[in-house]
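Report on the structure given below.
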Number of protein chains: 2
Amino acid sequence: MESMPRQRRQKEQTATRRATINDVAQLAGVSKGAASRALSPDGGRIGRETIARVRAAAEELGYVPNIRARSLSAARAYAIGWVMRRDPDVLTEDPFFPSFLAGVEAAISVRNYTLVLSIVTDELEEPTYRRLASEGRVDGFLLSDVRTRESRFALLADLQVPAVALGAPGPSCPIPAVGIDDRKGAELATEHLLASGRQRIAHVTGAPGYIHTHNRQLGWRAALRKAGKSYCAEGIADFTPEGGAKATRALLDSPEPPDAIFYDNDLMAIAGMAAAMSRGLRVPRDLAVVGFDNIPMAAHVAPPLSSVATDTRDWGKLAALTLLDAIDGRGTQGQVMLQSGLVVRRSSHAVPKHANGQGGVSNQ
Amino acid sequence: MESMPRQRRQKEQTATRRATINDVAQLAGVSKGAASRALSPDGGRIGRETIARVRAAAEELGYVPNIRARSLSAARAYAIGWVMRRDPDVLTEDPFFPSFLAGVEAAISVRNYTLVLSIVTDELEEPTYRRLASEGRVDGFLLSDVRTRESRFALLADLQVPAVALGAPGPSCPIPAVGIDDRKGAELATEHLLASGRQRIAHVTGAPGYIHTHNRQLGWRAALRKAGKSYCAEGIADFTPEGGAKATRALLDSPEPPDAIFYDNDLMAIAGMAAAMSRGLRVPRDLAVVGFDNIPMAAHVAPPLSSVATDTRDWGKLAALTLLDAIDGRGTQGQVMLQSGLVVRRSSHAVPKHANGQGGVSNQ
DNA sequence: TTGTATGCGTTATCAT
DNA sequence: ATGATAACGCATACAA
């Protein structure tokens with residue numbers, strides 16, 4: 001017999017080799033092509049009886065199409081990519097993660113897509129996008145943490161891979177976007193603080209340079225402006241508990257300290273409350289606090305934290321669906337904004353008139 | 001001209017078509033096979049000069065090997081899978097996530113592997129493993145949240161895919177494991193509470209049925225036993241803030257309430273502290289608290305939370321490397337245990353002898 | 001409707 | 001050392 005390189009390998013695996021479409025075709029007594037058509041969902045020109053026979057054969061053999069072969073043939077990866085840039089020093093727990101991913105998974109798994117996730121440092125971000133795209137690992141990207149000066153749009157255009165932005169980057173964004181309405185959420189929070197009688201509402205921001213940070217800032221300002229307030233102290237932070245605590249201390253040290261603070265996320269808000277309370281301030285009496293994200297922890301700190309809430313799972317699902325559409329060439333060019341609501345808890349309760357804290361006049 | 005289906009597509013893409021190994025070979029004036037060899041890292045039997053010429057051509061064309069074709073040919077996915085089962089209602093922020101993933105990425109990216117991540121519900125767990133394996137999407141799995149009665153070992157054996165367990169499942173585990181020493185960590189925490197003068201050290205567990213929950217329980221018990229303590233009140237919880245708060249209230253309501261609580265994670269510990277304090281208890285004076293994970297938030301709550309710390313990033317890196325070894329047939333069958341340390345903060349500070357809380361005598 | 005043949009891009013084997 | 005060619009498994013254009 002002639003030498004048989006491949007055969008050797010097959011021989012070894014024979015006992016457990018996975019069935020290919022060839023095996024199915026053989027068992028069904030049809031050609032490979034016919035089997036392929038019979039198995040394809042859109043059932044092209046193929047006899048009903050043949051379809052039944054082939055499917056029965058496939059069932060019997062436990063046939064599962066090999067995605068690698070299909071990928072090569074179809075020039076598709078059947079996968080989407082998500083590259084997250086994270087400073088290794090600031091790998092804070094991200095409330096965004098699990099539920100957003102669950103939503104993504106729900107959307108893509110029914111289409112037999114998978115998610116390729118990488119967490120990278122600054123300098124590896126662009127190379128990672130390039131690698132994933134040029135190797136043909138993914139058919140599109142989810143773009144999180146969109147920056148105000150965003151270099152990835154050009155990169156993606158260069159790579160010729162569709163993408164969906166996770167956020168609300170505004171009209172200049174060249175790709176579809178699905179995001180929560182950060183501006184509206186921030187406005188909601190600020191208006192609530194105003195309604196609860198607060199006079200000096202400060203803001204502690206997330207990391208600068210991000211669209212969502214920017215939009216939350218806009219929302220806070222807009223609400224203050226509408227209410228005719230001129231006080232607008234702001235602390236620049238970075239979404240981390242430590243950053244939130246620092247910014248809070250700085251605000252409280254200022255000559256005209258706030259009587260309320262809106263934080264760009266819950267992690268900072270919780271740390272901020274702790275910082276304020278450890279100085280003897282009472283929350284909400286002396287300082288009202290509202291966060292963003294409504295993480296599960298928010299309801300279980302003391303005092304329970306008010307927060308802007310969004311359905312993160314829906315967000316993930318919608319973003320993934322939009323990306324799949326883009327991959328299929330069904331370009332929904334628009335931007336979708338998910339609404340967010342405010343969950344009011346004790347941290348921002350109104351102070352009874354007879355007991356408003358420092359600087360109050362009042363006697364009931 | 002005849003109809004040209006494939007050609008048409010190629011024509012359209014011609015302007016931007018990615019270079020294949022054929023293009024490189026042509027430009028270098030060699031055969032496809034020679035080009036392949038010249039490009040392969042282990043440079044087989046091939047002339048030095050040819051190598052140089054081919055590599056230059058590849059460089060010039062910006063050639064990147066197509067992973068899909070390589071996958072088909074090599075019968076490898078060049079990807080590892082991680083299937084996380086998560087109850088959609090308890091999608092709590094997972095401190096484990098980002099830094100662990102960063103470690104995984106660091107290990108696999110240099111080998112040109114990617115991570116396929118899915119978050120699934122109970123009933124989709126097994127089908128997801130099956131799909132990923134039988135479609136040939138991944139070459140191996142990372143197995144997190146190992147259960148005391150673990151059905152996935154059999155599943156993986158059936159699927160014939162290597163895997164690495166994330167944890168310390170004990171000697172009966174049929175696959176290699178990389179985990180932190182939960183038992184030791186829990187012991188450390190408990191011993192510290194004993195050393196700080198606590199008499200009644202309770203435990204609030206994570207979700208039952210998991211190896212790490214079990215091991216932390218063992219560690220807590222062992223420390224108590226060694227110290228000759230008989231008090232061992234325990235609340236069964238689930239790793240969520242809400243569960244931690246409930247268990248805490250139950251413990252405090254018991255006829256003999258604890259003067260210290262060790263929690264299986266920080267989320268529960270933080271919520272537990274809040275629950276205790278909202279009842280007027282002072283931490284650490286009336287109740288000392290230690291958590292597990294040392295999340296960034298731990299240092300920024302009031303009072304700052306003592307916690308068992310591990311290098312999650314290293315963990316991810318080591319686990320991924322172990323999996324890659326297993327995929328390559330280099331079976332490191334053993335189990336690796338990463339050490340963890342205790343970070344002591346105010347929540348567990350010793351109570352000055354003259355001022356021990358309830359039941360204490362104390363003045364000053 | 002069905003079978004045949006070809007291409008996807010790579011690696012590996014064989015013959016030169 | 002190099003070139004030619006088969007093979008990976010699937011989808012599809014084309015002929016029958």
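Just so it is clear: chains get the letters A, B, ... in the order the sequence lines come, proteins before strands, and each one is counted from 1.
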Of the options [options], whose atoms approach the side-chain atoms of [X] most closely?
{"X": "A/Ile46", "options": "C/dC8, C/dT10, C/dT2", "value": "C/dT2"}
{"X": "A/Arg70", "options": "D/dA11, D/dG9, D/dG3", "value": "D/dA11"}
{"X": "A/Arg37", "options": "D/dC10, C/dT11, C/dT2", "value": "C/dT2"}

Euclidean distance, atom [atom1] of residue [X] to atom [atom2] of [N] [Å, nearest integer]:
{"X": "A/Ile21", "N": "C/dT4", "atom1": "CD1", "atom2": "C1'", "answer": "15 Å"}
{"X": "B/Arg76", "N": "C/dT10", "atom1": "CZ", "atom2": "P", "answer": "18 Å"}
{"X": "A/Gln26", "N": "D/dC10", "atom1": "CD", "atom2": "P", "answer": "14 Å"}
{"X": "A/Arg53", "N": "C/dT1", "atom1": "CZ", "atom2": "P", "answer": "14 Å"}
{"X": "B/Tyr78", "N": "C/dT10", "atom1": "OH", "atom2": "P", "answer": "12 Å"}
{"X": "A/Leu72", "N": "D/dA7", "atom1": "CG", "atom2": "P", "answer": "17 Å"}
{"X": "B/Leu39", "N": "D/dT2", "atom1": "CG", "atom2": "C1'", "answer": "15 Å"}
{"X": "A/Ile51", "N": "C/dT1", "atom1": "CD1", "atom2": "P", "answer": "9 Å"}

Carboxylate-amine/guanidinium proximity below 4.0 Å for [X] and [Y]:
{"X": "A/Arg111", "Y": "A/Asp328", "value": "yes"}
{"X": "A/Asp122", "Y": "A/Arg85", "value": "yes"}
{"X": "B/Arg130", "Y": "B/Asp158", "value": "yes"}

Looking at [N], I'd like to know if its phosphate oxygens (OP1 or OP2) sit under 4.0 Å from a side-chain N or O belonging to [X].
{"X": "B/Thr50", "N": "D/dT2", "result": "yes"}
{"X": "A/Ser36", "N": "D/dA11", "result": "yes"}
{"X": "B/Ser31", "N": "D/dG3", "result": "yes"}

Can you sort out the partners of A/Tyr78 under ring-ring contact (aromatic ring centres under 6.0 Å, His included), two or more places apart, ordered by chain and number?
A/Tyr113

Test of understanding: with ring-ring contact (aromatic ring centres under 6.0 Å, His included), list the residues that count as partners of A/Phe153, not counting sequence neighbours.
none

Sub-4.5 Å side-chain heavy-atom contact between A/Glu105 and A/Lys317:
no

Check each residue of residues 57-68 of chain A for a non-hydrogen atom within less than 4.0 Å of any atom in DNA chain C, then write out the ones that pass by number, or none.
none

Report the residue (B/Ala69 or B/Gly29) whose heavy-atom-nearest nucleotide on DNA chain D is the more 5′ of the two.
B/Gly29

Kindly indicate whether the side chain of B/Lys32 and the base of C/dT10 share any N or O donor-acceptor pair separated by less than 3.5 Å?
yes

Check for me whether the distance between the ring centres of A/Phe141 and A/Trp82 falls short of 6.0 Å.
no

